[in-house]
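Indexing begins at 1, ligand by ligand and atom by atom, following the structure's order.
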Amino acid sequence: MNASTPSAGLISGSPGPLYQRLAEGLRGAVRRGEFGAGSRLPSERDLARSLGISRTTVIGAYRLLREEGLLESERGSGTRVVASGRWIGPAVPAATMPSAKLTGEPAAGVVDLSGSVVVGPEAVPRPAADTTGLHEPTAGFGYQPLGLPSLRARIAARHTRLGLPTTADEVLVTNGAQQAISLLFTLFGRNGGVIVTENPSYVGALDAAHAAGARLLALPTDAEGIKVRPLRETLARHPVSLLYVMTTCQNPTGTVMSTQRRTEIARLAERAGVPVVDDTTLADLVFEGRWHPLPTAATGITVGSLSKLFWPGLRIGWLRAPGALMTRLARLKVVADLGSSDVGQQLASRLLPVSEDMATARRGQLTARLDLMSELLRSRLPTWSWTRPSGGPFLWVRLPHGDGETFAQLALGYGVQVLPGARTSPDRGFADHLRLSFVNEPETLRIAVDRLGEAWAACESGHGSGPLRSFTVA
Ligand SMILES: Cc1ncc(COP(=O)(O)O)c(C=O)c1O
């Protein structure tokens, strides 16, 4: 976060007057390093406007923090984090990625519909629960930046089965798909390299592109995927380094790219000599049929993960890339962490053979919850609209009017966290959209939709600052 774009999470969900909740949120942001020593906070008026609250509330929060010695204000130069706190260092922008929760966020009792963690008690199947032999060092016993050979071979075999012939040499094991994206964006996006994405796109990828210093170009999509004409024109006009798409279960829209579109995109990219990353992290969550990676040979890169089938804390993902890229990527992986954990990789090796069964279980779980969520929203929020996703954990909802960022802030006051659409868009488009996950237990979904209904009613009646209360989730 920088001072001019306050995050929707700035108001804590704790009970108490709104100005105290804002002060607590600001304290947390300074503690986490989102505002560095000496950095300037938005003006009272701007912050009030962007959070949809009154200026008096912001004045109250700033006054409280000044009294605590955290902020200082000077006429003419605004409000700053005290410069004497140099030990806190320069500011570090907050990730937009909502799943990356830091300690203390969000407040207890808030139902979180902003993430994509698909977990339940069945998330840890028997092969993983049996830890026999995991403590024994594997052959090599040292740093293996490319990953455990046996796991690389299994991941390669999986790609081959899915229709993309792959050898173990073309696989690099990463700490989740997020690291795979970061390595690729660091390689292709540094020094202002141009990365083309879908608009909207995956928030964690946008974060990675910003961190790498890449230039982002976001192209429109339709029900079949990224549009061909804008892509053709962009490839002709710009020195594009990388194209990043999600062909199966796009995040956030849940669409699956049509076969014809895949072929056209692959052909265009190959002709332009531009590598294409197909992020297949959510692909196993497609509701019907089998999925296939993008049909690219020389330029094809696939990113994948075990986070959605099993559990994200396992932190096992991968990238599949042509051999020519491997040395470069492996060097970046060495700098990042010298290699992923041996124990996690051994677990992943045991889990991969049951991934088909897990995918079937996940699909059943998700489609039932999608049906429930759709029904709840239709009856409680009949003016909201969406297209039924073909897979994945989200509904990409369009509000009939208003702004998702303001509504998300209001909804937090009612005890539900949602992702405002603008976070998924490099040009802050889709301001009238929300990304809502439907992975929670049915009872929790009911509570969440009730709270969304209350928040929306308050929004419609102009009582925008939200109730002040604490939450208990059954
Ligand atoms: C499309 C997409 N890519 C990558 C990731 C990151 O996944 P991982 O937990 O494997 O890092 C996510 C997580 O939600 C995602 O939705």
Quick look: Q179 vs ligand 1, heavy-atom contacts under 4.0 Å, and the answer is neither

With sequence neighbours left out, the residues meeting ring-ring contact (aromatic ring centres under 6.0 Å, His included) with F287 are none

Only one of D169, V171, L146 passes side-chain contact (heavy atoms from CB on, under 4.5 Å) with M326, and that residue is L146

**Asked** Does a donor on one side chain sit under 3.5 Å from an acceptor on the other, for R261 and T221?
**Response** no

Taking only non-hydrogen atoms of S305 and a 4.0 Å limit, the atoms of ligand 1 in range are 8 (P), 10 (O)

Partner of K308 under side-chain contact (heavy atoms from CB on, under 4.5 Å), picked from L285, L366, V439, D284, is L285

Here the atoms of ligand 1 under 4.0 Å from any heavy atom belonging to M246 are 1 (C)

**Request:** State, with a plain yes or no, whether a side-chain heavy atom of D278 is found less than 4.5 Å away from one of V276.
**Result:** no

For this session: Consider ligand 1: state whether an atom of it lies below 4.0 angstrom from any non-hydrogen atom of R315.
Result: yes

The side-chain hydrogen bond (donor to acceptor under 3.5 Å, both in side chains) partners of W384 (sequence neighbours excluded) come to none

Legend entry - Any N/O pair T281/ligand 1 closer than 3.5 Å: yes

### Query
Does ligand 1 have any atom that is closer than 4.0 Å to a heavy atom of K308?
yes

Are any of the N/O atoms in N251 less than 3.5 Å from those in ligand 1? yes

Looking only at heavy atoms, the pair that brings A422 and E405 closest together is CB-OE1, 4.4 Å

For S307, the ligand 1 atoms with a heavy-atom partner under 4.0 Å come out as 8 (P), 9 (O), 10 (O)

| request: Flag A177 as yes when one of its N or O atoms lies below 3.5 Å from any N or O atom of ligand 1, and as no otherwise. | output: yes

